[in-house]
Amino acid sequence: PGETPLAEPIRLALEPRTDFAGSKIGLGILRGEIHGKERIYHDGGTGGFTSSLVLTPETNGVQIVLANQANNYASQLATLLLQPEDGKSAMAEIVAKRDENPVPERPWTAYEGRYELNPQATFLVKEVDGRLYARLTGQVALPLEYAGNDTFVNESVGAWIAFVFEGEEDRKQANSLILNQAGRRMPAPLKKAAVETSLLLPEGVAQQYEGTYQLAPGADIKVTAKDRQLIVQLTGQQAIPVLPDGKDAFAYDVVEARIVFNRDEEGEVKSLTLFQNGREMKAPRKQS
């Protein structure tokens, strides 16, 4: 690049401007470590398609992944292709070394809180029924298994979280967490020690809301129960998990919107009301 007319624009694009999800970001270009090597990368997507570009300065390697799949598919495949040839990962080593039933040395409150991965993504970490759960903005809450040394894993998504305690001796609250996934280390500092909302509903409650609600002709809201949580999908849009926000009420955390379910005199859910952009939109429940 230094021998082309684009040398200066490229230098400006790669110059780090601020921190972003464990990496540095220039003009739309990220620089960070993936599987132990510095990478320059950018991911993208549009309806039904995703893409990933990764450059490895050490080897002058270029990797491009184009996929006709959504849900961050290209990025996941790209990091998988970049993993070391021996296939060993820090995640596998942690799982292999952990005791059969390790017990945290600290109380659950030491780990609970809101941790900001980036301005658009926050981890909610909270204990539910004697088990720690983590929920990233726009995603379902996942259970974490303790693996020792303030580290928790979720093998189903190939991720592990290390909580960091810095400062005074015998500190009772983590300062930050580090998400390790797909070869990336992404720190998230603690923003608030308390998580007011519940991450899970009581057993059997989520199923009460399941069904299809007609917002308008050709526009339905489909409500699905999964692992004591609700997932809501408007026709033609992405399915989004919502958080409990009061009696029969749920809030989105990716947009400013809220849903309240309406019951009849017998206590059966008959409709929902969507509150968004200053409007109240009622959607009757369709008969199954």
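We count residues from 1, following the sequence as given. Quick caveat, the model's predicted, so the values are computed rather than measured.
The shortest distance between side-chain heavy atoms of Leu179 and Phe123 falls below 4.5 Å. For the pair Val140 and Asp227, the minimum side-chain heavy-atom distance is 4.5 Å or more. No side-chain heavy atom of Gln120 sits less than 4.5 Å from a side-chain heavy atom of Thr137. Inter-residue side-chain proximity for Ile221 and Gln233 is flagged as unmet; no heavy-atom pair is nearer than 4.5 Å. For the pair Thr56 and Ile40, the minimum side-chain heavy-atom distance is 4.5 Å or more. Residues Val195 and Val125 are not in side-chain contact: their nearest non-hydrogen atoms beyond the backbone lie 4.5 Å or more apart. Within the 4.5 Å cutoff, side-chain heavy atoms of Glu127 are placed close to those of Glu112. Looking only at side-chain heavy atoms (C-beta outward), Tyr146 and Val103 stay at 4.5 Å or farther from each other.
Atom-to-atom distance recorded for Arg285:CZ and Arg263:CZ is 9.0 Å, nearest 0.5 angstrom. Rounding to the nearest 0.5 Å gives a distance of 14.0 Å between CH2 of Trp160 and CG of Asn154. Atom-to-atom distance recorded for Leu190:CG and Tyr115:OH is 5.0 Å, nearest 0.5 angstrom. Rounded to the nearest 0.5 angstrom, Ser198 OG and Leu124 CG are separated by 11.5 Å. Note that CZ of Phe49 is 9.5 Å distant from CD of Gln69, once rounded to the nearest 0.5 Å. The CG atom of Leu82 lies 6.0 Å from the CD1 atom of Ile34; values are rounded to the nearest 0.5 Å.
In this structure, Phe250 and Phe261 have perpendicular ring planes: the angle between them is above 60°, well past the 30° mark.
Under the side-chain contact (heavy atoms from CB on, under 4.5 Å) rule, Tyr209 has a single partner from Val232, Leu272, Val269, which is Val269.
For Glu196, the CD atom counts as densely surrounded, since its 6.0 Å shell holds more than 12 non-hydrogen atoms of other residues, nucleotides or ligands. With a 6.0 Å radius and a threshold of 12 heavy atoms from other residues, nucleotides or ligands, Asn149 has its CG atom at or below the threshold.
Formation of a donor-acceptor pair under 3.5 Å by the Glu280 side chain with backbone atoms of Thr273 is not found in this model. Between the Thr50 side chain and the Ala74 main chain, a donor and an acceptor come within less than 3.5 Å of each other. A donor-acceptor pair is defined here as one N or O able to donate and one able to accept, closer than 3.5 Å; no such pair exists between the side chain of Lys226 and the backbone of Pro241.
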Mind running side chain to side chain contact (heavy atoms under 4.5 Å, CB included) on Asp129 and Arg228 for me, showing each step along the way? CA-CA 12 Å; Asp129 299 336; Arg228 297 169 58 186; 3.0 Å; yes
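A cation-pi arrangement is absent between Arg106 and Phe163, since the terminal nitrogen or guanidinium carbon is not both under 6.0 Å from the aromatic centre and inside a 45° cone about the axis.
Here Val164 sits in one hydrophobic cluster together with Ile178; the rule is ILVMFWY side chains under 4.5 Å apart, joined directly or through other members.
Between Arg31 and Glu38, at least one side-chain nitrogen of the basic residue sits less than 4.0 Å from a carboxylate oxygen of the acidic one, meeting the salt-bridge criterion.
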